[in-house]
Amino acid sequence: MKHLVVVAHPVKDSFTMGLTRAYAAELEHLGHSQRTCDLYRMGFDPILGAHELLPVGPDHPASADVAQAQNDIRAADALTVIYPLWWLSMPAMMKGFIDRVFARGFAYESQNGVVHGLLSGRKAVLITISGAPLPLLVKSGNWNAVQVLQDTHIFRSAGFDLLEHLHFDEVVPHLARTTAEQHMERVRSCARQHFASAATMSSDSAKVVRHVGAS
Ligand SMILES: Cc1cc2nc3c(=O)[nH]c(=O)nc-3n(C[C@H](O)[C@H](O)[C@H](O)COP(=O)(O)O)c2cc1C
């Protein structure tokens, strides 16, 4: 299978980036091809410009970076999106990626306010990280808001078959090493759980490893 992994975190050696590397390495270990879009390191521009609200056509082609990302999503069997929860939402960098890349005509069409996803047939995995304990987020209703707005309104609405929303809670500075290692193993087991059997059926077992933007 071909995977696209998209991650947003400003610090290269952060917990979030460590999770991303562990997950991507496990996909490769399973014999899949993967491309990681490291939005900060590749200098992705998250600002949707006025011209991008015009319908794409011969007179208004999609911006090159958006067209590249859309081609990568089209080519992938599975998309994995990884980010920390900031104000219970995604970092502005990831939000800008969604705003610009999940454009009308590519990710969805809408008629009379009813959204119709265009990316069906593709699988998605969502991986998020929070400082707060998950039970607290659930009790306050915040977790439901996250699921409604992110899992459903973005990824399922676009047509993805969301295999899992894996969440790591209580991720604080100076996380105990054993806890961090358990989390790395958890993210590797997520890759195995969903994609181990697909590896043997893959028609594209060539190992193509690209970590966009990584120095
Ligand atoms: C701007 C900002 C906003 C944050 N908002 C939340 C929040 O709303 N809820 C929460 O549980 N944690 C919040 N956090 C904590 C982060 O989710 C947590 O520190 C991060 O996921 C840990 O992963 P990292 O070490 O890779 O940064 C916030 C952190 C930042 C920097």
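Whatever order the structure lists them in is the order used to number ligands and atoms, beginning at 1.
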Among pairs that include at least one residue of residues 146-162, which meet salt bridge (charged side-chain N to carboxylate O under 4.0 Å, His left out), considering only residues two or more places apart or in two chains?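 Of all non-adjacent pairs touching residues 146-162, those that pass salt bridge (charged side-chain N to carboxylate O under 4.0 Å, His left out) are Lys123-Asp161.
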
Does Tyr40 share a hydrophobic cluster with Leu4, counting links as ILVMFWY side-chain heavy atoms below 4.5 Å and allowing steps through other members?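 Yes; tracing contacts between hydrophobic side chains, which count when under 4.5 Å, links both residues.
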
Interfacing atoms of ligand 1 (cut-off 4.0 Å, heavy-atom, [X]):
X: Val171; result: 18 (C), 19 (O), 22 (C), 23 (O)
X: Ala132; result: 10 (C), 11 (O)
X: Thr16; result: 23 (O), 24 (P), 26 (O)
X: His9; result: 24 (P), 26 (O), 27 (O)

Considering only protein heavy atoms, which is closest to [atom], and at what distance to one decimal place?
atom: atom 12 (N) of ligand 1; answer: Gly131 N, 3.2 Å
atom: atom 23 (O) of ligand 1; answer: Ile129 CG2, 3.6 Å
atom: atom 8 (O) of ligand 1; answer: Leu88 N, 3.0 Å
atom: atom 17 (O) of ligand 1; answer: Leu85 O, 2.8 Å
atom: atom 5 (N) of ligand 1; answer: Trp87 N, 2.8 Å

Taking all heavy atoms of Thr80 and all of Ile127, pick out the closest pair and write down the distance.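 Distance-wise, the nearest heavy atoms are CG2-CD1, 4.0 Å.
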
Measuring from atom 4 (C) of ligand 1, which candidate in Trp86, Phe15, Tyr83 has the nearest non-hydrogen atom?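 The nearest heavy atom belongs to Trp86.
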
Which word best sums up how the rings of Trp143 and His167 line up, parallel for under 30°, tilted for 30 to 60°, or perpendicular for over 60°?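 Rings of Trp143 and His167: tilted, 30 to 60°.
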
Between Phe44 and Phe97 (judged by ring centroids, cut-off 6.0 Å), do the two rings come close enough to count as a pair?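 For Phe44 and Phe97, the ring centres are under 6.0 Å apart.
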
Are Phe15 and His9 near enough that their ring centres are under 6.0 Å apart?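 Between Phe15 and His9, the centre distance exceeds or equals 6.0 Å.
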
Testing the 3.5 Å rule here: is there a donor-acceptor pair between the side chains of His194 and Glu164?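 His194 vs Glu164: donor-acceptor pair found between side chains.
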
For Pro84, is at least one N or O under 3.5 Å away from an N or O on ligand 1?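 It does not: no N or O of Pro84 is found under 3.5 Å from an N or O of ligand 1.
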
Under the side chain to side chain donor-acceptor pair (under 3.5 Å) rule, collect the residues that match up with Thr16, sequence neighbours excluded.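 Residues passing side chain to side chain donor-acceptor pair (under 3.5 Å) with Thr16: none at all.
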
